[in-house]
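Lettering follows sequence order; numbering is per chain, from 1. Worth saying up front: this structure is predicted, and the values here are computed from it rather than measured.
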2 protein chains.
Amino acid sequence: MGVTKTDLFTPTQNELSAIAKALAHPARIAILEYLLECQSCITGSIVDKVGLAQPTISQHLRELKAVGLVQGTVEGTAVCYCINPEKWRAIQALWNGFFDHYQAPDTTACC
Amino acid sequence: MGVTKTDLFTPTQNELSAIAKALAHPARIAILEYLLECQSCITGSIVDKVGLAQPTISQHLRELKAVGLVQGTVEGTAVCYCINPEKWRAIQALWNGFFDHYQAPDTTACC
DNA sequence: TTTATTCATCGTAATATTGCAATAAAGTAT
DNA sequence: ATACTTTATTGCAATATTACGATGAATAAA
């Protein structure tokens, strides 16, 4: 059906997966890495850097904005994008919390 | 087109996004959280816990196995699943490396 | 051998994602 | 006002994902 049954899951589970979904495309990773490197730049630079068509980049930027990882401000005809520091750290902490829950089993597990 | 242009991106970008994709569904987060909690269990327990049909859970488990987060061993008619410790830590380190690249801008960025 | 039990796979319907050409919107410059 | 620049939006085609019923495979129990 292609439709996720979000009502079966906790808010945290839905939030974690929503963030993961925003990161689940190499173009969006590439955009974030570029923003990490240049700190802030306009859409056109990202289009040149990543190598996808401008509408496609615009779409990926919208997804990154939707989860708050990225923010953009209008600068004349251009739009300047950068990483949202608070959200960035919050998401890092959220994932670390998830991964840190792992404890090596005291006895050897079945597999 | 629904088909990702992986050739435009670096191996690391493709790997990071592939891992994120495996985590990009609340059912798979729920499965991992359950495995964190019970250390190891059979498919039937996961089906009961998560509340999706058995073939659906089987499909999600296959995706988690594909990125190596989870491993399963046959135990009679059942299959016992648990988290792959090495891969778990490797993936945690990979994401931390990604998130740690962020540096707050020295001057106020454009946005 | 027959009957359960447990799980993976197949097939399929509904929906989502990816990518781009065309176009719209909104500012800048001439 | 006209032309130009830059970006978002729309519409669409190709493909991927999600979910489940039906079925198959493989072991265990009777």
Would you check if [X] and [Y] make a side-chain contact, meaning some heavy-atom pair closer than 4.5 Å?
| X | Y | result |
| --- | --- | --- |
| Gln92(A) | Leu94(A) | no |
| Leu16(B) | Phe98(B) | yes |
| Leu69(B) | Asn84(B) | no |
| Thr56(A) | His60(A) | yes |

Between dT6(C) and Tyr81(B), is there an OP1 or OP2 to side-chain N/O distance shorter than 4.0 Å?
no
Please check the phosphate of dT6(D) (OP1 and OP2 only) for any side-chain N or O of Thr77(A) closer than 4.0 Å.
no
Let me know, please, whether Lys5(A) or Val79(A) comes out on the 5' side of the other along DNA chain D by nearest nucleotide.
Val79(A)
Identify, residue by residue, the members of residues 9-27 of chain A with a heavy atom below 4.0 Å from DNA chain C, and return them in order of residue number, or none.
Lys21(A), His25(A)
Spacing between [X] atom [atom1] and [N] atom [atom2], to the nearest angstrom:
| X | N | atom1 | atom2 | value |
| --- | --- | --- | --- | --- |
| Gln54(A) | dA22(C) | CD | P | 14 Å |
| Glu75(A) | dA8(D) | CD | P | 13 Å |
| Leu52(B) | dA19(D) | CG | P | 5 Å |

Heavy atoms within less than 4.0 Å of DNA chain D: which residues of residues 56-69 of chain A have one? Give them sorted by number.
Ser58(A), Arg62(A)
Mapping Gly44(B) and Pro55(A) to their closest nucleotides on DNA chain C, which lands nearer the 5' end?
Gly44(B)
Measuring from the side chain of Ala78(A) (C-beta onward, heavy atoms only), which nucleotide among dT7(D), dA21(C), dG21(D) has the closest atom?
dT7(D)
Surrounding NZ of Lys65(B) (heavy atoms of other residues, nucleotides or ligands, distance under 6.0 Å), is the total greater than 12?
yes
Going from CG on Leu36(A) to CD on Glu33(A), what distance comes out if it is rounded to the nearest 0.5 angstrom?
7.0 Å
Inter-residue atom distance His25(B).NE2 - Ile31(B).CD1, 0.5 Å rounding
9.5 Å
Over 60° means perpendicular and under 30° means parallel, so tell me whether Trp88(B) and Phe99(A) are parallel, tilted or perpendicular.
perpendicular
Is the backbone of Lys21(A) close enough, under 3.5 Å, to the side chain of Arg28(A) for a donor and an acceptor to pair up by distance?
yes
